[in-house]
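For reference, the structure is listed below as structure tokens.
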Number of protein chains: 2
Amino acid sequence: MNDLTDLEGATLAEVARRGTATTYVIANTFAESPSEYWSGSAGAVYPLVRRLTERGYLEAHAASTGKRQRSDYSITPAGRAALTRWLLDADRAAGMGFDPLRTRLLYLDLVSPTEVATLLTEVAKRSERADAPPIFADRPAALCIHRSWWEARRFWLQLISKKPQK
Amino acid sequence: MNDLTDLEGATLAEVARRGTATTYVIANTFAESPSEYWSGSAGAVYPLVRRLTERGYLEAHAASTGKRQRSDYSITPAGRAALTRWLLDADRAAGMGFDPLRTRLLYLDLVSPTEVATLLTEVAKRSERADAPPIFADRPAALCIHRSWWEARRFWLQLISKKPQK
DNA sequence: CACCACATGTAAATGGTTACATGATTCT
DNA sequence: AGAATCATGTAACCATTTACATGTGGTG
């Protein structure tokens, strides 16, 4: 019944999407995410999958090949319920999260207008060529979310470029 | 010369903005941020300010009143340089950060379209009444950033509401 | 078979959250 | 004076990063 962290929620979601998956595959998916937030480091994901299993949200299926043991994981009914709660939590979904550009812009009066302009130009440049990440290639819905997010970002950049100072 | 985390960068920026500040004031500022990302917990900020001081980025000035000692902090030239590097780091500023809605939407195929629609409606409702946070009241530039960010978010919500499924 | 990339972890260090403790100030 | 609130921390716990260790399957 305990709430999930975002990494836990996303992990359950990735397992659910696949039906069954190894920890490695999940970690890799995060590592290839276009957001720097999802590091997908082994040291984070392996222990996390273990914890989710201990809490009864995931179920391990032995799938050894050779000497080394490996596991496939699938989501349990309890896991599915927890995942649904996490996915549909409107309060959390409506939060502002962390935005590296927004954070910096709040302090733009600490550097010269010229420097701010340069920063905005650089960011705009990068947001123009924000390409579709390979992981979403076979997921049209995800691609659509991704693309429209960047469109909204470019829209925002235009808004703040018009009146960069108060 | 080492790079700053975002919490460190924001802390230096807050001190710089004020000229001089106590740890308490900084922590409080974060706690009152409209983003849930900036918890501003004492356990995070007090040790962090101490670390920044040890690294030579902040300077403590004793300012006791009575028995308990307290310190005001100000930024050093080295701190100012590190802050500027952090502020103007275009690569980091151009990152996607963490967005709780975006993350959830990537898995919307795991729940029914009805549930997704409800979620979007709820989030839209909250983003309509996203009001100006009190801390920004006396900072027109920050207010402007904040408002335009929410405007871009509403724009995005419109985009994805048009074609919520692929 | 030697090597290299893929796969599966673990240990130490870092940084943050939660919960607590306690001093100082203001309010009634 | 006692209660509430503001201010300043610390300690234990938890999650994540970084760096390492090792197994395994294919390729020259």
Side-chain angles (χ1 to χ4, degrees), chain A residues 2-12 14-15 18 20-33 35-55 57-58 60-73 86 92 95 97-98, chain B residues 2-12 14-15 18 20-33 35-55 57-58 60-73 86 92 95 97-98:
Chain A
N2 248 323
D3 265 314
L4 299 171
T5 65
D6 293 301
L7 184 55
E8 287 168 347
T11 300
L12 285 185
E14 286 294 341
V15 173
R18 292 178 160 75
T20 167
T22 64
T23 306
Y24 179 80
V25 168
I26 303 300
N28 241 31
T29 304
F30 290 140
E32 279 157 24
S33 155
S35 165
E36 72 284 2
Y37 180 83
W38 303 97
S39 85
S41 72
V45 183
Y46 278 88
L48 182 144
V49 165
R50 181 177 303 272
R51 282 195 311 269
L52 288 175
T53 306
E54 281 158 9
R55 281 162 81 186
Y57 290 162
L58 290 179
H61 311 277
S64 303
T65 4
K67 199 144 291 175
R68 191 164 202 163
Q69 86 266 35
R70 37 182 296 158
S71 301
D72 281 322
Y73 293 88
W86 175 78
R92 284 173 74 182
F98 171 71
Chain B
N2 249 323
D3 265 316
L4 300 170
T5 66
D6 292 301
L7 184 56
E8 288 168 344
T11 299
L12 285 185
E14 287 293 343
V15 173
R18 292 178 161 76
T20 167
T22 64
T23 307
Y24 178 81
V25 168
I26 303 301
N28 240 31
T29 304
F30 290 142
E32 279 159 23
S33 155
S35 165
E36 70 285 2
Y37 179 82
W38 303 96
S39 85
S41 72
V45 183
Y46 278 88
L48 183 145
V49 165
R50 181 177 304 271
R51 286 198 305 273
L52 289 175
T53 306
E54 280 158 9
R55 283 162 79 186
Y57 290 163
L58 289 179
H61 312 277
S64 304
T65 3
K67 199 143 292 175
R68 192 162 202 165
Q69 87 266 36
R70 36 184 296 157
S71 301
D72 280 322
Y73 293 87
W86 174 78
R92 285 174 74 183
F98 171 72

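Numbers restart at 1 for each chain; the letters A, B, ... are given by sequence-line order, proteins then strands.
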Just how far is it from atom [atom1] of [X] to atom [atom2] of [Y], taken to the nearest 0.5 Å?
| X | Y | atom1 | atom2 | result |
| --- | --- | --- | --- | --- |
| Asp3(B) | Trp86(B) | CG | CH2 | 11.5 Å |
| Leu7(A) | Phe98(B) | CG | CZ | 9.5 Å |
| Arg70(B) | Thr23(B) | CZ | OG1 | 10.0 Å |

Sugar-phosphate only, base, or nothing, as touched by Thr5(A) at under 4.0 Å among non-hydrogen atoms: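 Counting heavy atoms under 4.0 Å across all strands, no contact is made by Thr5(A).
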
Looking only at side-chain N and O atoms, does [X] come under 4.0 Å of OP1 or OP2 in [N]?
| X | N | result |
| --- | --- | --- |
| Arg51(B) | dG15(C) | yes |
| Thr23(A) | dT8(C) | no |
| Thr22(B) | dT8(D) | yes |

Residue met sooner reading DNA chain D from 5', once Ala42(A) and Glu8(A) are mapped to nucleotides: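 Going by which nucleotide is closer to the 5' end, it is Glu8(A).
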
SB check Arg18(A) Glu14(A) (cutoff 4.0 Å):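 So Arg18(A) pairs with Glu14(A) through a salt bridge.
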
Polar side chain donor-acceptor pair, Thr11(A) to Arg51(A), under 3.5 angstrom: no

Closest approach of Ala42(A) to Pro47(A) (non-hydrogen atoms, all atoms of both residues):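 Ala42(A) and Pro47(A) have their closest heavy atoms at O-CD, 3.6 Å.
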
Any residue of residues 24-33 of chain B with a heavy atom less than 4.0 Å from an atom of DNA chain C: none

Any idea which of [options] is nearest the [X] side chain?
| X | options | value |
| --- | --- | --- |
| Tyr46(A) | dG9(D), dT16(D), dT10(C) | dT10(C) |
| Ala44(A) | dG9(D), dT17(D), dA7(C) | dT17(D) |
| Arg50(A) | dG9(D), dT10(C), dT17(C) | dT10(C) |

